[in-house]
Each structure stands twice: as C-alpha cells, then as structure tokens.
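To keep things clear, I will list the structure first and then write my remarks on it.
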Amino acid sequence: MDPRSLDYLKQRRPSETVEPLLRALSAELATQVPEGQLRALAYLAGRRFGTQQSIGEIRTLVEFEAFANDVLGRLDWGWMSIEEGTGAVDILHGCAPLQRWFGDGGVPWAPGFFEGMYAEWMRQLGAGERLDVRQILGGTGSAEVMRFRLAHESSFGQ
C-alpha cells in the first residue's frame, strides 16, 4: 500500500451515517441509467462541487496541492498529490471513499466526480478550453490510488 495512504488511513474519521443511503441510491441509479450517463452525471456534480469550493487566489500547483488536500482532509475524501511531466500534469488521488459510498457497482462511474472536481479547479487555475482532465486507467501505482491527467484534449484520443 502507498505510504501516503497508510498515513491517511491512520488519521481518518469513519463517516458511516450516509453510506447506506448512497449505496442504495447508486444501486437504483445503476438499474435506471446507463453507466456512461452516470459517469457524466458524477462529472457534472464534481464540477459543481469544484465551483462551490473555489480555489480563490491560488496560482501555483504547490499551493493548489495544499488547498486540495485541505478540502479533501476536512471531508474525509482521501489525499492527492501532483506529478508534473512533459506536456501533462498528473493528479494522484488516494483513499477516495467511492467504493465505500457507492459499492462495487459505482467503481466504473463514480470517479467521474473527482474528474469533474479537478477539471473545474484546473479551469479556475487558468487551464484553457483545449485542456482536459481525464482518469488514466492502469499503469503503475497502488490499487487505491486513482490517476487523473490534465493534458491537451488531443492527447487522450477518442
């Protein structure tokens, strides 16, 4: 397990009061709405959340990482870190409570929430219209860590 995840789990507060509701809602939505539409809905909810948690005057990725970890920590939503590469910025998000909230059925679509949240925050940081945030599946790292990438839309293919 990633050492950052271990540190985070040692400090987390259980939030089990709303989880049965979210799992039931998730299961019902899955019977009524196609997976792609659920992911799009989660993405839009994430964008809305990102707007509600405005980054304010933050201008650097270091400041952004501190801001995001403060928000995530207060809500018990895990941790994040930034990895800068050539032509892209990766956002690693560990210990997200998505499976706990939405059950196994939410695994394919629920990350859309964080995808939308990070996309909105990147827009607030000045990312242009042609930049996009998408979840990157596979690759290296721990299973509990999701990877999102901010890059030019053409780099994702279709």
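Residue numbers count from 1 along this sequence.
Val71 and Phe113 fall within a single hydrophobic cluster, where Ile, Leu, Val, Met, Phe, Trp and Tyr are joined by side-chain heavy atoms under 4.5 Å apart, directly or via other members. Under the 4.5 Å side-chain heavy-atom criterion for ILVMFWY residues, a single connected hydrophobic cluster contains both Met122 and Leu131. Cluster annotation: Phe148 and Val62 are assigned to distinct hydrophobic clusters (Ile/Leu/Val/Met/Phe/Trp/Tyr, side-chain heavy-atom contacts under 4.5 Å, transitive). No path of Ile, Leu, Val, Met, Phe, Trp and Tyr side chains, each step under 4.5 Å between heavy atoms, connects Leu25 with Tyr43, placing them in separate hydrophobic clusters. Val33 is connected to Leu98 through a chain of hydrophobic side-chain contacts under 4.5 Å among Ile, Leu, Val, Met, Phe, Trp and Tyr, so both are in one cluster.
Put simply, the side chain of Val145 reaches to within 4.5 Å of the side chain of Ser5, judged on heavy atoms. When side chains are defined from C-beta on, Phe67 does not count as touching Asp70, because their heavy atoms never get closer than 4.5 Å. A 4.5 Å side-chain heavy-atom check between Trp121 and Leu150 finds every atom pair outside the cut-off. A 4.5 Å side-chain heavy-atom check between Phe64 and Gln124 finds every atom pair outside the cut-off.
Qualifying side chain to side chain contact (heavy atoms under 4.5 Å, CB included) partners for Arg123, counting only residues two or more places apart in sequence or in other chains: Arg47, Glu120. Applying the side chain to side chain contact (heavy atoms under 4.5 Å, CB included) criterion to Gln52, with sequence neighbours excluded, gives Arg48, Phe49.
Going from atom CG of Leu44 over to atom CD of Glu115 covers 11.0 Å, rounded to the nearest 0.5 Å. Put simply, CZ on Arg100 and CD on Glu19 are 4.5 Å apart, with the number rounded to the nearest 0.5 Å. Once rounded to the nearest 0.5 Å, the distance linking CE of Met146 with CG of Leu137 reads 10.5 Å. Taking CG of Asn69 as the start and OG of Ser81 as the end, the distance is 8.0 Å to the nearest 0.5 Å.
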For residues 84-96, which side-chain N or O atoms pair as donor and acceptor with protein atoms under 3.5 Å away, sequence neighbours left out?
from: Asp90; atom 1: OD1; to: Arg149; atom 2: NE; distance (Å): 2.6
from: Asp90; atom 1: OD1; to: Arg149; atom 2: NH2; distance (Å): 3.4
from: Asp90; atom 1: OD2; to: Arg147; atom 2: NH1; distance (Å): 2.7
from: Asp90; atom 1: OD2; to: Arg149; atom 2: NH2; distance (Å): 2.8
from: His93; atom 1: ND1; to: Tyr118; atom 2: OH; distance (Å): 2.6
from: His93; atom 1: NE2; to: Trp77; atom 2: O; distance (Å): 2.8

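Considering every non-hydrogen atom in both Gly103 and Arg23, the closest pair reads N-CG, 3.8 Å.
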